[in-house]
Each structure stands twice: as structure tokens, then as C-alpha cells.
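This report refers to the structure that appears directly beneath it.
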Amino acid sequence: MNKVNKTYCASAYLAFRFIKDENMNFFQGLTHKVFVPKPQSELLKVSSAAEIDRILQEKINDFLSHPSKNANSNKAALLLSGGIDSAILASYLPKGTPCITFKCIAPNAIDETHSAKQYCDMYGLEHHILEIFWEDFVEITPLLLKYNQVPFHSIEVQLYKATQYVKTLGCDRILVGDGADYVFGGMDKLLSKDWDFDEFIKRYNFVEPQEVLNESVSVREVYEPYALANNKIDFLRFLKDIMDIESYTSYMHAFECANMPYLDPYACMQMAQPLDLARIRNGEPKYLLRELFKAKYPHIPIPTKIPMPRATEQWLKDYVPKRAEFKENCTKGLSGDQKWLIWCLEQFFNTFTPKEK
């Protein structure tokens with residue numbers, strides 16, 4: 001049953017970067033979709049780098065050989081960062097496969113293009129640098145808002161632009177490696193300790209709704225099903241149910257909006273044994289993938305993990321919202337990624353707020 005609650009939806013979006021409940025919408029007449037993961041019974045269990053290697057090869061071969069809906073194209077592209085997840089995927093691709101690396105155009109923006117080119121050179125792949133400008137966010141955000149019918153993660157703009165670019169290369173499908181962090185223990189900061197309940201809420205909320213919105217509700221109820229004895233929280237189960245789904249939903253939205261088939265082969269797997277948190281906390285996040293990366297790139301040091309580059313810090317440096325829903329000076333002291341959530345929410349309100357009769 002569709003429920004309308006603008007205050008709840010705004011609060012949930014700022015805290016979690018999405019609204020998990022598909023039945024909860026900002027305004028009458030709007031709907032939105034959330035990624036639905038495969039049942040645990042359908043996920044492939046892995047306990048070694050060799051098993052991951054075999055499954056990735058099989059899944060990617062199947063994806064590349066699947067008949068295309070477009071008779072004029074039967075070609076995939078890889079979204080390739082400087083990190084280990086997509087670098088591993090690159091090792092399975094036919095020579096000449098286009099690999100797309102984002103480069104944000106802003107002062108002192110992160111640049112992963114050199115690292116990504118190393119991976120392409122190793123396997124004879126075609127490296128493409130896709131420049132990302134703030135103007136892309138201004139242009140593409142309205143299109144995504146109308147498709148999603150909810151505000152969204154900033155990554156969707158880059159993903160959507162990539163779909164339009166790969167089409168010009170004759171590609172009709174995209175390969176991504178988003179799921180590796182969530183399956184194999186890549187979120188090392190969130191896995192760094194056994195969290196107290198209230199401490200984890202403060203750590204996880206992306207933006208505290210009550211500090212930004214004039215009307216907000218507590219999102220504490222989202223965390224309560226994961227409460228443990230002694231004021232602890234089952235953060236592993238929370239991350240699987242909330243963070244994983246939020247990220248997968250962003251990819252789904254962007255690619256479905258562009259009508260672009262995609263594959264994230266990591267998302268079809270699960271660890272056969274519980275994550276070895278001691279190894280992760282001792283400096284080995286994604287320890288099985290690190291082993292596989294070393295086998296694929298024996299002469300390249302394992303790179304430091306960074307999020308997909310987006311220069312929100314530079315682009316939104318002076319951003320202050322104007323709508324009445326937001327508190328005065330609410331963006332003061334916030335990071336660029338936090339400001340993005342407020343900016344996108346303001347654009348959403350500008351687009352969908354019902355007109356007074």
C-alpha cells in the first residue's frame with residue numbers, strides 16, 4: 001500500500017542516501033523501485049581466490065556471449081577505476097575491449113586514469129577517459145529524478161553519462177565491480193570495530209536530518225531491528241540489509257534509466273565462511289581479492305582504496321539551499337558528498353512539490 005510522508009522520506013534519504021521502503025513516497029502519485037537481491041540460496045559460495053577466479057571467468061564469458069537485442073552491436077565495456085575490483089575484471093576481457101575511467105574536472109580532483117591505464121596495457125584493452133563536469137550533474141539530474149521519482153546518490157550521474165558514451169563506441173552492455181566491497185569486506189572503516197548501538201548510528205548516518213531539515217523525524221527505528229545485548233549492534237547484518245541495497249539500487253536506477261544491460265559478477269557470490277574481521281582490521285580488507293589481484297598483476301602494488309571519484313567538495317563549496325524545508329546555514333561544515341544529498345533533495349523538491357491550487 002502506497003504511503004505518502006514527505007518528512008519521513010526526506011529524513012531517510014539524508015541519513016541513508018535512499019528510501020528502502022518502496023511503499024513510502026514523498027508525494028501522491030510518485031513511486032520508486034529498490035534493488036531486490038537474489039536469495040541467499042542462489043548465491044555462489046566461495047572460500048578462496050581460485051574459486052572467485054573461476055566464477056568471474058564463467059559469469060563474464062556468459063555475459064559477453066549472450067545474444068544482443070541490438071543486431072548492430074554485441075560488445076561490452078568495463079567501468080574501470082584505479083582499484084583492485086574492476087582491475088580484476090579487466091583481466092578476463094578480450095583484447096581491445098573498451099574500458100572507461102572517470103575523471104572529474106575540478107581543481108585537485110582525484111585522478112585514477114594512470115593506474116587504470118596500467119591495467120589496460122597489461123591486457124591489451126582500449127582505455128578511454130570520460131571527463132565529468134559539474135554541468136553534467138546539472139543536465140542529467142532532472143532526467144534521473146523524473147525516472148527514479150526519488151532523490152539519489154551522486155554516482156548515478158556518472159553512471160548514466162557512461163552509458164551514453166559507451167553507446168558511441170558501439171557497446172550495448174556494461175560490466176561493473178561494485179559488489180566486491182560488500183561481499184568481500186571492503187568497507188574497512190565500518191568493519192573496524194564492534195560498534196556500540198548509538199555510536200554506530202552517529203557514524204553511519206550520512207547527514208543528520210534534524211540538523212538540516214526544519215521538519216524531520218528520527219531514523220533510529222531503522223537501526224532497532226539490529227540491536228544486540230549490552231548496547232551493541234549487529235552491524236554486519238545492518239550493512240547487508242541497508243548499505244548493500246542502497247549501492248545496488250543506485251546502479252540499477254542509472255542503468256535501467258538508460259536501458260543499458262549490466263553485470264556485476266561479484267554480486268552473485270557470498271563468502272562460504274564469515275568474514276575474517278581480524279584480517280580486515282589488521283590491514284587486509286578484501287583479503288581474497290587482494291590475493292587474486294596479486295596473481296593478475298604481480299608487478300603492480302595493491303592500490304589504496306578510494307571511492308569512485310566525484311568532485312563534490314569543489315563543485316558544491318559555496319552551495320547553500322534556498323527552499324524553506326532547509327534550516328538556515330545548514331550546509332556549514334558539511335563535506336561535499338553531504339552537500340550533494342541536500343542539493344539533490346532541493347532539486348527533487350523543485351521538480352515534484354505539488355503546486356498550490
Side-chain angles (χ1 to χ4, degrees), residues 1-36 137 141-142 144-157 197-227 233 238-239 241-250 252-253 312 316 319-357:
M1 181 179 178
N2 187 39
K3 300 177 183 177
V4 175
N5 191 326
K6 173 185 172 183
T7 302
Y8 174 84
C9 288
S11 300
Y13 169 69
L14 290 176
F16 305 115
R17 300 193 296 198
F18 85 133
I19 300 147
K20 187 175 182 183
D21 187 350
E22 288 184 343
N23 295 317
M24 189 70 75
N25 290 281
F26 279 89
F27 302 118
Q28 197 67 42
L30 297 184
T31 61
H32 71 281
K33 284 177 59 179
V34 173
F35 179 85
V36 178
F137 287 80
T141 291
L144 289 170
L145 285 175
K146 289 175 183 176
Y147 181 81
N148 296 348
Q149 300 189 25
V150 283
F152 53 85
H153 189 303
S154 59
I155 201 173
E156 291 191 31
V157 170
F197 186 82
D198 292 310
E199 180 187 32
F200 185 77
I201 293 176
K202 186 174 181 180
R203 170 63 180 82
Y204 190 84
N205 281 354
F206 289 93
V207 172
E208 295 292 346
Q210 69 274 14
E211 295 179 6
V212 169
L213 299 169
N214 280 315
E215 293 184 13
S216 66
V217 296
S218 170
V219 295
R220 188 182 179 88
E221 67 175 27
V222 177
Y223 294 91
E224 287 174 349
Y226 307 94
I233 184 169
F238 174 89
L239 295 174
D241 290 350
I242 304 297
M243 187 177 210
D244 298 16
I245 303 305
E246 178 262 313
S247 183
Y248 292 149
T249 296
S250 295
M252 178 190 75
H253 277 168
T312 51
L316 293 171
Y319 166 65
V320 176
K322 298 179 177 60
R323 290 186 61 96
E325 288 89 348
F326 301 100
K327 291 184 176 181
E328 189 175 353
N329 297 320
C330 66
T331 56
K332 186 176 181 181
L334 298 185
S335 69
D337 286 341
Q338 290 174 311
K339 290 178 182 177
W340 159 266
L341 295 173
I342 299 168
W343 184 86
C344 189
L345 181 58
E346 184 170 37
Q347 306 314 303
F348 175 85
F349 286 148
N350 289 342
T351 301
F352 289 107
T353 298
K355 301 291 189 293
E356 294 184 6
K357 295 181 180 180

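For the numbers below, each heavy atom of this structure counts, side chains included, while hydrogens, waters and symmetry mates do not. All of these numbers come straight from a predicted model, not from anything done at the bench.
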| request: Check the pair Y226 / D241 against side chain to side chain donor-acceptor pair (under 3.5 Å), numbers first and verdict last. | output: CA-CA 10 Å; Y226 307 94; D241 290 350; 2.9 Å; yes
| request: Give, for atom CG of L30 and atom CZ of F348, the distance between the pair rounded to the nearest 0.5 Å. | output: 5.5 Å
N/O donor to acceptor pairs below 3.5 angstrom from side-chain atoms of residues 144-152, sequence neighbours left out:
from : atom 1 : to   : atom 2 : distance (Å)
N148 : ND2    : E156 : OE1    : 2.9
Q149 : OE1    : T31  : N      : 2.8

| message | For the CD atom on E215, are there more than 12 heavy atoms of other groups (residues, nucleotides or ligands in this structure) within a distance under 6.0 Å? | response | no
| Can you list the residues that meet the salt bridge (Lys or Arg N to Asp or Glu O under 4.0 Å) rule with D337, with sequence neighbours excluded? | R310
| said: Would you say that V34 contacts M252 through its side chain, given a criterion of any heavy-atom pair below 4.5 Å between the two side chains? | reply: no
| message | Do T353 and R323 have side chains that approach each other closer than 4.5 Å (heavy atoms only, starting at C-beta)? | response | yes
Donor-acceptor pairs are to be reported for all side-chain atoms of residues 201-211 against protein atoms at under 3.5 Å, with residues two or more places apart or in another chain.
from : atom 1 : to   : atom 2 : distance (Å)
N205 : OD1    : Y223 : OH     : 2.5
N205 : ND2    : E208 : OE1    : 3.3

| request: Using a 4.5 Å cut-off on heavy atoms from C-beta on, say whether the side chain of L345 contacts that of L213. | output: yes
| request: Taking atom CD of E224 as the centre, report whether more than 12 heavy atoms of other residues, nucleotides or ligands fall under 6.0 Å from it. | output: yes
| Heavy-atom distance under 4.5 Å between the side chains of F137 and W340, does that happen here? | yes
| Which word best sums up how the rings of F349 and F26 line up, parallel for under 30°, tilted for 30 to 60°, or perpendicular for over 60°? | perpendicular
| With a 4.5 Å limit on heavy-atom distance, are the side chains of T331 and F326 in contact? | no
| Should E346 and Y319 count as side-chain neighbours, where that means a heavy-atom distance under 4.5 Å? | yes
